Amino acid sequence: MTTTVSKPQQRHNGTWIWLLLVAFVAYIQWPALKELYHQVAGTEFPKQTIQWQHELANALQLANQSEKPILVVFGASWCPPCRSMKREVWPNPQVSAAVSAACIPVYVDVDDRTQAEIVSQYQVSSIPTVLLLDANGVILRRESTMSVAETLGFLTGGAKAS
């Protein structure tokens, strides 16, 4: 006995596939979609309490004096995952406290031509790229977009290097 599927039923099955595909893409692109919403709504970024350095050379000197590692974040103003971390991760009180207590934080704007040498030196090919460096500038850990919990793990050595 053979079963035949009517044309309306075939179209209905195709609809489910498209709905699943759209749901999957929305899930993958969620940070970008949230950031698009914030841009359209005109939502301000939370107040930043981390005192970001913008020159790695200065941070290396401070790291040698304080014996703290350097947290380097490579990003750009147009990058949705970078903006998401700027909105949700860096202002988090636990993250801000951990960064301020344990690291010399440096933010590198990859669109700033004066930072091109550092971007090349650390082989930054995607953003955000988050590095933890020793006082000599040697990479201890490397990650990309992270949640608050992942960032706290990264800062304490709990996140795997990628």
Side-chain angles (χ1 to χ4, degrees), residues 17-56 58-60 62-63 66-112 115-162:
I17 291 170
W18 280 107
L19 286 174
L20 287 173
L21 181 62
V22 168
F24 177 73
V25 169
Y27 174 76
I28 297 297
Q29 293 298 321
W30 186 244
L33 293 172
K34 280 195 320 187
E35 197 50 47
L36 178 62
Y37 164 78
H38 286 297
Q39 284 181 314
V40 170
T43 308
E44 301 265 336
F45 282 103
K47 185 176 180 340
Q48 297 287 316
T49 58
I50 297 174
Q51 299 299 311
W52 296 99
Q53 301 287 320
H54 297 283
E55 297 295 328
L56 185 59
N58 295 344
L60 287 166
L62 291 170
S66 66
E67 298 182 9
K68 291 181 179 181
I70 303 166
L71 174 72
V72 185
V73 177
F74 293 87
S77 61
W78 51 265
C79 164
C82 302
R83 293 174 62 87
S84 179
M85 288 188 74
K86 185 177 178 181
R87 187 176 305 285
E88 298 172 7
V89 175
W90 305 122
N92 178 279
Q94 288 179 298
V95 172
S96 294
V99 168
S100 298
C103 303
I104 307 296
V106 178
Y107 183 85
V108 176
D109 183 340
V110 298
D111 290 331
D112 181 348
Q115 302 287 5
E117 186 179 322
I118 295 165
V119 172
S120 176
Q121 175 185 348
Y122 287 104
Q123 300 175 348
V124 175
S125 59
S126 64
I127 54 174
T129 293
V130 184
L131 304 177
L132 197 62
L133 310 177
D134 68 12
N136 296 314
V138 175
I139 299 173
L140 302 172
R141 287 191 280 288
R142 176 187 292 260
E143 281 295 334
S144 186
T145 305
M146 295 181 283
S147 67
V148 168
E150 290 166 333
T151 302
L152 291 170
F154 177 83
L155 293 170
T156 60
K160 67 174 185 171
S162 40

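This is a predicted model, so every value here is computed, not measured.
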Closest non-hydrogen atoms of A76 and D109, given as atom of the first, atom of the second and distance, are CA-OD1, 4.0 Å
In terms of heavy-atom contacts, C103 and P105 come closest through O-CD, 3.4 Å
Item to complete: Check the pair I70 / Q53 against side chain to side chain contact (heavy atoms under 4.5 Å, CB included), numbers first and verdict last.
Response: CA-CA 10 Å; I70 303 166; Q53 301 287 320; over 6 Å; no
Scanning both residues in full, the closest heavy-atom pair of P81 with P128 reads CB-CD, 3.7 Å
The residue among L132, V95, L131 that forms side chain to side chain contact (heavy atoms under 4.5 Å, CB included) with F154 is L132
With heavy-atom distances below 4.5 Å as the criterion, would you say the side chains of L155 and L71 are in contact? yes
Residues passing the side-chain hydrogen bond (donor to acceptor under 3.5 Å, both in side chains) test with S66, sequence neighbours excluded, are none
(Q) Donor-acceptor check, side chain of R83 to backbone of S77, threshold 3.5 angstrom: yes or no? (A) yes
### Query
Using 30° and 60° as the class limits, which term best fits the ring planes of Y107 and W52: parallel, tilted or perpendicular?
perpendicular
Closest non-hydrogen atoms of A102 and P69, given as atom of the first, atom of the second and distance, are O-CD, 3.2 Å
Step by step, work out the side chain to side chain contact (heavy atoms under 4.5 Å, CB included) result for R142 and T129. CA-CA 7 Å; R142 176 187 292 260; T129 293; 3.7 Å; yes
Exam field: side chain D134 to backbone N136, donor-acceptor pair closer than 3.5 Å
yes
Query raised in the report: Counting distance only, does the side-chain N/O of S120 pair as donor-acceptor with the main-chain N or O of E117 below 3.5 Å?
Result: no
- Query: Is the number of heavy atoms from other residues, nucleotides or ligands within 6.0 Å of CD (Q51) greater than 12?
  - Reply: no
Item to complete: Taking the side chain as every heavy atom from C-beta outward, state whether T151 and M85 have any pair of such atoms under 4.5 Å apart.
Response: yes
Decide yes or no for L133 and Y122: does some side-chain heavy atom of the first lie under 4.5 Å from some side-chain heavy atom of the second?
yes
Scanning both residues in full, the closest heavy-atom pair of V89 with S147 reads CG2-C, 3.9 Å
Please answer whether the main-chain N or O of A97 pairs with a side-chain N or O of S100 as donor and acceptor at a distance below 3.5 Å.
-> no
Checklist entry - Can you check whether I118 reaches V72 side chain to side chain, under 4.5 Å on heavy atoms? => result no
Q. Any sub-3.5 Å donor-acceptor pair from Q115's side-chain atoms to H54's backbone N or O?
A. yes
